[in-house]
Amino acid sequence: GMVLKPEPIFNAMDSIDKTADTRVILMCPQGRPFNQDIANELSQAEHLVFICGHYEGYDERIRENLVTDEISMGDYVLTGGELPAMVMTDAIVRLLPGVLGNQQSHEDDSFQDGLLEFPQYTRPREYKGMGVPDVLLSGNHANIEKWRHEQKIFRTWTKRPDLLNY
């Protein structure tokens, strides 16, 4: 199989401006599984560089001398690291100020607080006999927040109980 040679990767790294805060991320199955906590962490970095292998991987000298982080997209192997790097970039960039229309938008997202997101509703108030929960129409913001929190816990319990700390 094909293994990335060290020379082109070292030359590429030498040609870019790096800071003390530069994170060099190696996309590889042996890395930490990517999650929202890592997205939050990396969104605070000043500079990110992704190294994406293809087929068999990398010369070990790349891993040992250039890399600050090894990250995996899960317990499976892809033909290359390009798609995982794109997924990570999207998850990270949406956390940066000014990217989303409202900075608060991502705070209720799934995984941001370890729970899945609460159900969402829009207009019309009723559709084919299915209605919006009354609490959401009440105007009582405290009750709405309480309902949302309860729904987050319930949804997480029913769909992803592995996320809950017992």
Side-chain angles (χ1 to χ4, degrees), residues 16-53 63 66-166:
I16 62 174
D17 292 329
K18 295 177 281 307
T19 68
D21 189 39
T22 297
R23 303 279 291 266
V24 180
I25 300 164
L26 185 71
M27 303 305 305
C28 67
Q30 298 94 359
R32 292 188 295 164
F34 185 68
N35 60 29
Q36 191 66 28
D37 289 338
I38 295 172
N40 283 312
E41 173 191 329
L42 293 175
S43 74
Q44 302 302 309
E46 182 179 329
H47 190 212
L48 300 176
V49 176
F50 291 90
I51 300 177
C52 304
R63 181 187 319 268
L66 296 177
V67 172
T68 60
D69 301 90
E70 295 180 43
I71 299 181
S72 169
M73 289 309 291
D75 295 338
Y76 52 89
V77 178
L78 301 170
T79 56
E82 301 86 358
L83 290 174
M86 289 174 22
V87 169
M88 284 181 58
T89 300
D90 186 70
I92 295 164
V93 168
R94 69 184 309 278
L95 299 172
L96 300 177
V99 172
L100 300 178
N102 177 352
Q103 187 58 27
Q104 302 298 316
S105 294
H106 70 79
E107 292 184 12
D108 287 324
D109 284 347
S110 291
F111 310 111
Q112 195 62 24
D113 63 358
L115 300 172
L116 298 180
E117 187 174 12
F118 51 80
Q120 302 282 339
Y121 295 89
T122 187
R123 292 188 171 126
R125 177 180 278 194
E126 187 174 314
Y127 180 73
K128 294 187 177 187
M130 299 173 284
V132 173
D134 291 336
V135 67
L136 297 178
L137 304 170
S138 71
N140 185 323
H141 296 289
N143 284 349
I144 291 170
E145 286 305 311
K146 180 177 183 273
W147 178 88
R148 286 178 170 170
H149 183 70
E150 290 169 351
Q151 291 298 309
K152 289 171 80 168
I153 293 169
F154 178 74
R155 182 166 278 189
T156 304
W157 175 257
T158 58
K159 295 180 179 283
R160 289 289 307 276
D162 58 297
L163 296 173
L164 296 172
N165 295 324
Y166 297 101

Distance (rounded to the nearest 0.5 Å) between [X] [atom1] and [Y] [atom2]:
X      : Y      : atom1 : atom2 : answer
Gln112 : Glu117 : CD    : CD    : 10.5 Å
Thr22  : Leu66  : OG1   : CG    : 12.0 Å
Asn165 : Asp162 : CG    : CG    : 10.5 Å
Thr68  : Ile25  : OG1   : CD1   : 6.5 Å
Arg63  : Glu70  : CZ    : CD    : 4.5 Å
Ile144 : Phe118 : CD1   : CZ    : 10.0 Å

Restricting to non-hydrogen atoms, name the atom on [X] and the atom on [Y] that form the minimum distance, rounded to 0.1 Å.
X      : Y      : value
Ala91  : Ala39  : O-CB, 4.1 Å
Ile38  : Ile71  : CG2-CD1, 3.8 Å
Ser138 : Val135 : OG-O, 2.7 Å
Tyr121 : Gly131 : CE2-O, 4.3 Å
Ala85  : Met27  : N-CE, 4.1 Å
Leu116 : Leu163 : CD2-CD1, 4.0 Å

Problem set entry | Residues that Asp21 engages under salt bridge (charged side-chain N to carboxylate O under 4.0 Å, His left out), provided they are two or more places apart | none
Exercise. Among all residues two or more places apart in sequence or in another chain, which pass the salt bridge (charged side-chain N to carboxylate O under 4.0 Å, His left out) test with Lys159?
Worked result: none
Exercise. Counting only heavy atoms not in His47, do more than 12 fall under 6.0 Å of its NE2?
Worked result: yes
Exercise. Where do Met88 and Leu42 land on the side-chain contact (heavy atoms from CB on, under 4.5 Å) test, with the steps shown first?
Worked result: CA-CA 9 Å; Met88 284 181 58; Leu42 293 175; 3.8 Å; yes
Problem set entry | Criterion side-chain contact (heavy atoms from CB on, under 4.5 Å) on Leu115 and Leu164, from CA distance to verdict | CA-CA 8 Å; Leu115 300 172; Leu164 296 172; 3.6 Å; yes
Problem set entry | Residue of the set Lys152, Lys146, Arg148 for which side-chain hydrogen bond (donor to acceptor under 3.5 Å, both in side chains) holds with Glu150 | Lys146
Exercise. side-chain contact (heavy atoms from CB on, under 4.5 Å) between Leu136 and Trp147: does it pass, once the steps are laid out?
Worked result: CA-CA 8 Å; Leu136 297 178; Trp147 178 88; 3.7 Å; yes
